[in-house]
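Heads up, the thing below is written out as structure tokens.
Computation of the quantities below employed the complete heavy-atom set of this structure, encompassing side-chain atoms and omitting hydrogens, waters and symmetry-equivalent molecules.
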Amino acid sequence: MSNLYDVTIIGGGPVGLFTAFYSGLRSLKTKIIDAEPAVGGKIRYFYPEKVIRDIGGIPAIKGHDLVKNLHDQALTFKPTIVCNERITDLKRQTDGTFLLISENGTQHHSKTVIIAAGSGTYEVNKLEASGSEAFASQLHYDIQDLTIFKGKRVVVSGGGNAAIDWAETLDAIASEVHLIYRGENFKGHEERVKELHDSNVFIHVNHEITALQGDSQTLTNCVIHCNKDGNTTKIEADAILVNHGVKVDIGSMQNWGFHFDESGIVVNHEMETSVPGIYACGDICAYPRKMRIIAAGIHEGTIAINSAKNYLDPDAEQVAMVSTHHESFHD
């Protein structure tokens, strides 16, 4: 059957793209299906200008460049890539293969399935402050072009790695940067927090934005409230960048027969789900001491492919190496 694939990967983010490349290395006929208009996942949508630093051998790379490189690499073995299709149903057929059905009724046929859907679909957590609707044009939940902040007074709201990175990046571009965090201890990596405190960014912990103010539709100030003493402070601002995380939705996947915990689809050390022939990797999967960074997800993708290869061909090499591997003295 010409439209039967060896591997279908649900999710075209960084992990899904590299998984497709590795699938090609193992001579598996591969398809990627993504619900978004283009591949790249949350990085394409939220962080194209953000500097990514958690991949070995790449000291720093902007999100859009990373996505382009991974996409180019994924195309090496000519996988089929389908965008704008959300898979809403998955059924095992009598011959053991899987039928994947999209929201618009399109059917995809595959021998194995790898779920690399990140955290599912997402919706940003909006800033809940007076005036947020009136000044929506100066309220940002992602950065597509850093130059729009040049010389501006920017307020960043959030306390995780992304908010810290944005504040430090904007420190070199904006005329003034304030970082507002409702907690006391930042959630970012320790070294990044140290760098933040050594920067020119004005830091306001135990504070949150309660109001945006301005003239007509032009933002001029934001009001922050101290959670400790109840005092309020007015900060001059031309733009607000909000990084309060996202609401995630795994949709119908919860009805596909997998075991879940609070973190995602439970997998074993082979990236196998509780459904034979279906694997998971990246942010969507859960196991003890799980690391939610791109480098870890890429590693999981290769394990998932090797498991799928052995599922399809039990006589195949369990772990296919690449050009840097040397046979052991005992081989």
Side-chain angles (χ1 to χ4, degrees), residues 42 45-47 49-51 53-54 119 122-248 262 292-293:
K42 283 190 291 187
Y45 192 82
F46 292 111
Y47 307 122
E49 288 286 339
K50 184 178 184 294
V51 176
R53 305 177 188 273
D54 62 357
S119 301
Y122 38 82
E123 177 186 349
V124 295
N125 292 317
K126 298 295 183 69
L127 177 68
E128 295 182 2
S130 172
S132 57
E133 292 186 8
F135 301 104
S137 62
Q138 286 108 64
L139 197 56
H140 305 269
Y141 294 93
D142 59 78
I143 296 180
Q144 303 294 321
D145 180 8
L146 280 169
T147 62
I148 66 173
F149 300 100
K150 186 175 182 180
K152 300 288 182 69
R153 300 164 300 180
V154 184
V155 174
V156 180
S157 182
N161 279 313
I164 293 170
D165 286 349
W166 280 133
E168 291 196 63
T169 300
L170 290 167
D171 187 30
I173 298 169
S175 64
E176 188 174 285
V177 179
H178 292 258
L179 179 58
I180 316 298
Y181 178 44
R182 65 182 180 181
E184 187 160 349
N185 298 310
F186 288 106
K187 297 178 181 178
H189 293 119
E190 293 86 346
E191 194 61 29
R192 299 297 288 159
V193 175
K194 288 180 186 177
E195 292 172 359
L196 173 68
H197 283 287
D198 290 337
S199 73
N200 295 316
V201 175
F202 294 92
I203 301 170
H204 308 265
V205 294
N206 296 308
H207 282 76
E208 52 190 307
I209 299 172
T210 55
L212 306 184
Q213 300 175 340
D215 302 319
S216 183
Q217 291 184 329
T218 302
L219 176 71
T220 58
N221 305 285
C222 78
V223 177
I224 62 173
H225 174 266
C226 180
N227 298 324
K228 280 197 167 181
D229 59 25
N231 292 332
T232 59
T233 305
K234 186 180 291 188
I235 299 174
E236 294 182 334
D238 302 305
I240 310 291
L241 177 59
V242 181
N243 198 279
H244 291 177
V246 296
K247 300 182 184 74
V248 298
E262 65 277 4
R292 282 180 166 76
I293 60 174

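For the pair E195 (side chain) and D165 (backbone), a donor-acceptor distance under 3.5 Å is absent. For S132 (side chain) and E128 (main-chain N/O), no donor-acceptor pair under 3.5 Å exists by modelled atom type. No donor-acceptor pair closer than 3.5 Å links the side chain of E49 to the backbone N or O of L146. Looking only at distances, no side-chain donor or acceptor of T232 sits under 3.5 Å from a matching main-chain atom of I224.
Partners of Y141 according to the ring pair (Phe, Tyr, Trp, His ring centres under 6.0 Å) rule, which considers only residues two or more places apart in sequence or in another chain, do not exist here. Under the rule for a side-chain hydrogen bond (donor to acceptor under 3.5 Å, both in side chains), R53 has no partner lying at least two apart in sequence or in another chain. For E176, the side-chain contact (heavy atoms from CB on, under 4.5 Å) partners at least two apart in sequence or on another chain are R153, H178, F202.
Using a 4.5 Å heavy-atom cutoff, the side chains of T233 and H204 are not in contact. Inter-residue side-chain proximity for T169 and I143 is flagged as unmet; no heavy-atom pair is nearer than 4.5 Å. Counting only heavy atoms from C-beta outward, the side chains of Y47 and N243 approach each other to under 4.5 Å. Residues F186 and V205 meet the side-chain proximity criterion, which asks for heavy atoms closer than 4.5 Å. Side-chain contact check for Q138 versus D238: every heavy-atom pair is 4.5 Å or farther apart. Side-chain contact check for N161 versus H189: some heavy-atom pair is nearer than 4.5 Å.
Annotation: the span from E236 atom CD to L219 atom CG amounts to 11.0 Å, rounded to 0.5 Å. Atom-to-atom distance recorded for E190:CD and N185:CG is 11.0 Å, nearest 0.5 angstrom. Taking CG of D171 as the start and CG of N200 as the end, the distance is 5.0 Å to the nearest 0.5 Å. In this structure, CG on L212 lies 7.5 Å from OG on S130, to the nearest 0.5 angstrom. Once rounded to the nearest 0.5 Å, the distance linking CD1 of I240 with CD1 of I209 reads 4.5 Å. Note that OG of S216 is 8.0 Å distant from CZ of F135, once rounded to the nearest 0.5 Å.
Summarising the geometry of C222 relative to A237, their closest heavy-atom pair is N-CB, 4.4 Å, with the distance given to 0.1 Å. Counting all heavy atoms, side chain and backbone alike, S175 lies closest to G151 at OG-O, 3.3 Å. Between N206 and E184, the shortest heavy-atom contact is OD1-CB, 3.7 Å. When every heavy atom of K152 is checked against every heavy atom of A174, the shortest pair comes out as O-CB, 3.1 Å.
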Query - Worked check of side chain to side chain contact (heavy atoms under 4.5 Å, CB included) between H244 and L127 - result: CA-CA 8 Å; H244 291 177; L127 177 68; 3.8 Å; yes

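The side chain to side chain contact (heavy atoms under 4.5 Å, CB included) test with I164 is passed by exactly one of L196, V156, V201: L196.
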